[in-house]
Amino acid sequence: MRPPALCPGCGHMTAGAPLSEIDVLVAGGAAAGLCAAIAARRAGATVHLVESAPRALRGGNTRHARNFRIAHDRPAPWVPDAYPADAFLADLRRVTEHATDDPVARRLIDGSADLPDFLIDNGVALQPTSRGVLPYSRRTAFLLGGGKAMINALFATAVQLGVGVSYDTALAGLHVEPGHCTVELRRDGSLTPITARAVVVATGGDQADRTALRRQLGDAADTVVVRGTPHADGSGLRLLLAAGAAAVGTPGLGHLVPVDARGPAVDGGIVTRITGIPYGIVVDQHGRRVADERADLRRTHYAQWGPRIAGCPGGRAALVLDHDGLSRAAPTALPPVTAPTLAGLATALAIDPAGLDATVRDVDATAEARGGRPIRVPPFAGYPLVAGVTFLHHGVAVDAAMRVRLRTGGVADRLLAAGGIMAATVLRRGYLAGLGVTLAAVSGRIAGEEAARVAAR
Ligand SMILES: Cc1cc2nc3c(=O)[nH]c(=O)nc-3n(C[C@H](O)[C@H](O)[C@H](O)COP(=O)(O)OP(=O)(O)OC[C@H]3O[C@@H](n4cnc5c(N)ncnc54)[C@H](O)[C@@H]3O)c2cc1C
């Protein structure tokens, strides 16, 4: 394999094969695209990967991830106990309320079993459980250094293998023709057409596109912040749909979590997520309590709070804690708003003071009569909350080889989709911790292998 050449100006890289002679074009430089590119290259194809973000922002949402879910029958250095594939599938069916494509889900779950080996073989480091630094999880393995380290390792391996990489370059046109695909790549405002024997579209979701957000979430979209990359603009999804791909998903549903309203509008990652809800009360701008904060304390409880907050007047709410509650909550990136009195806190958080006072009296009376956590000990603290969107539950349908399903029936055998863009095939509602990276990496690997196979035909 020929070593890649690095363009001195911009860090835009090219591999030995000229772009006009490429077997497999991969769009999207994150978990799905990188696993696809590496798998296709290892299967013997010439591969070029285009990433619309600049080099420093490569890696999409995957940069923010920490762990991934894997089926396993025995303990491994990165996961204790066992989590059989059947248990994984049962969990997926439960959270999706059976809104999943079973054969595709089974293929991805089976593929999760050797995902750790695939990642390690391609330079990714996992956290060993023996160091005792993890939250206990038999279902998920943790990435050493997080998603950013994973992305850096996979890019290094891809380039080492001879995959060409272009940053600041977006897939902007897509035509499937007999025997090949024609794509257009946009860089610095100009379009370059190229042909490839197979194309893997791994450009993530469209949650950073305000029009798509509004179509899915209605008025709530105006206040929702985007937790991940601003480059998830849905351009790849629109191209696939225009090429005849079958849409799949549940309109109006997305994965939303509570985040600090003072955080950035995009790319805040997990840093601005607010997890202290069980230790206080969540109220809307009128001071009315939104729901019972301690009704469901499972670890994924925060995903129930995003939609509740998005549904509040103005799409805003606030977490109110007293001194005791604050001492139990995890430290946050931005310090809480504090005040010696509830009325002072209400004013600082733009909440109706009388409404908050009435709610807190009620909470304290209930705590006295039936147990529970009163809001009583000053100083009081609060966080302004909005919902942050991780992804939306829609995309394109694929078969078990990650070939794009067509609206007219059948599949496009040279057109593959991997990662967030096809996740709704198996996840039309709900979520399981660690599923995003697993779906992306396993579907990417399958798509890359399939693309290399069809390109060689
Ligand atoms: C804050 C946060 C935390 C998360 N934590 C976890 C976790 O701990 N575990 C887990 O499993 N999942 C987690 N997820 C979800 C997980 O990150 C995603 O499901 C997964 O990374 C999706 O990978 P992907 O490769 O499909 O897409 P992405 O990572 O979103 O990447 C898509 C890439 O495509 C590029 N792109 C977009 N359009 C184009 C175009 N037209 N041409 C070329 N390139 C394009 C983008 O720049 C981007 O780099 C988290 C998500 C967020 C936002």
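Note that ligands are numbered from 1 as they come in the structure, with each ligand's atoms numbered from 1 the same way. It should be emphasised that the depicted structure is a prediction, and the values quoted were computed from it without experimental measurement.
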Take Arg227 and Asp267 through the test salt bridge (charged side-chain N to carboxylate O under 4.0 Å, His left out) and record every step on the way to the result. CA-CA 5 Å; Arg227 303 179 66 209; Asp267 249 348; over 6 Å; no
Check each atom of ligand 1 against the heavy atoms of [X] and keep those under 4.0 Å away; list them by number with element.
{"X": "Gly59", "value": "29 (O), 49 (O)"}
{"X": "Gly60", "value": "29 (O), 31 (O), 48 (C), 49 (O)"}
{"X": "Leu435", "value": "11 (O)"}
{"X": "Ala32", "value": "25 (O), 26 (O)"}

Kindly identify the option in [options] whose heavy atom sits closest to [atom].
{"atom": "atom 29 (O) of ligand 1", "options": "Asp267, Thr390, Leu239, Thr62", "answer": "Thr62"}
{"atom": "atom 43 (C) of ligand 1", "options": "Ser52, Ala423, Ser235, Gly205", "answer": "Ser52"}
{"atom": "atom 3 (C) of ligand 1", "options": "His64, Met422, Arg58", "answer": "His64"}
{"atom": "atom 18 (C) of ligand 1", "options": "Ala441, Gly436, Ala202", "answer": "Gly436"}
{"atom": "atom 32 (C) of ligand 1", "options": "Leu174, Thr203, Val266, Thr272", "answer": "Thr203"}

When you compare ligand 1 with [X], is there at least one nitrogen or oxygen pair between them that comes in under 3.5 angstrom?
{"X": "Phe68", "answer": "no"}
{"X": "Leu171", "answer": "yes"}
{"X": "Thr229", "answer": "no"}

Side-chain ion pair, Asp222 and Arg210, N-O less than 4.0 Å: no
Basic-acidic side-chain contact under 4.0 Å: Glu449, Arg445: yes
Could you tell me the residue and atom name of the protein heavy atom closest to [atom], and the distance to it rounded to 0.1 Å?
{"atom": "atom 37 (C) of ligand 1", "result": "His231 O, 3.2 Å"}
{"atom": "atom 26 (O) of ligand 1", "result": "Gly420 N, 2.7 Å"}
{"atom": "atom 12 (N) of ligand 1", "result": "Tyr431 OH, 3.4 Å"}

Is the cationic atom of Arg139 (NZ for Lys, CZ for Arg) positioned less than 6.0 Å from the six-membered ring centroid of Phe88 and within 45 degrees of its normal? no
A cation-pi test, strictly: NZ or CZ of Arg66 under 6.0 Å from the centre of the six-membered ring of Phe142 and no more than 45 degrees from its axis. Yes or no? no
Could a heavy atom of Ala232 be found less than 4.0 Å from some atom of ligand 1? no
Report yes or no: does Val226 have a heavy atom closer than 4.0 Å to ligand 1? no
Plane angle bin for Phe391 and His255 - parallel if under 30°, tilted between 30 and 60°, otherwise perpendicular: parallel
Is the side chain of Arg106 donor-acceptor paired with the backbone N or O of Asp101 at a distance under 3.5 Å, no angle test? no
Could you measure the distance from the CD1 atom of Ile446 to the SG atom of Cys35? Nearest 0.5 Å is fine. 11.0 Å
Could you tell me whether [X] atom [atom1] has more than 12 heavy atoms of other residues or ligands within 6.0 Å of it?
{"X": "Arg328", "atom1": "CZ", "result": "no"}
{"X": "Arg308", "atom1": "CZ", "result": "yes"}
{"X": "Arg63", "atom1": "CZ", "result": "yes"}

Could you tell me whether Ala30 approaches ligand 1 through its side chain, its backbone, both or neither, with non-hydrogen atoms closer than 4.0 Å? both
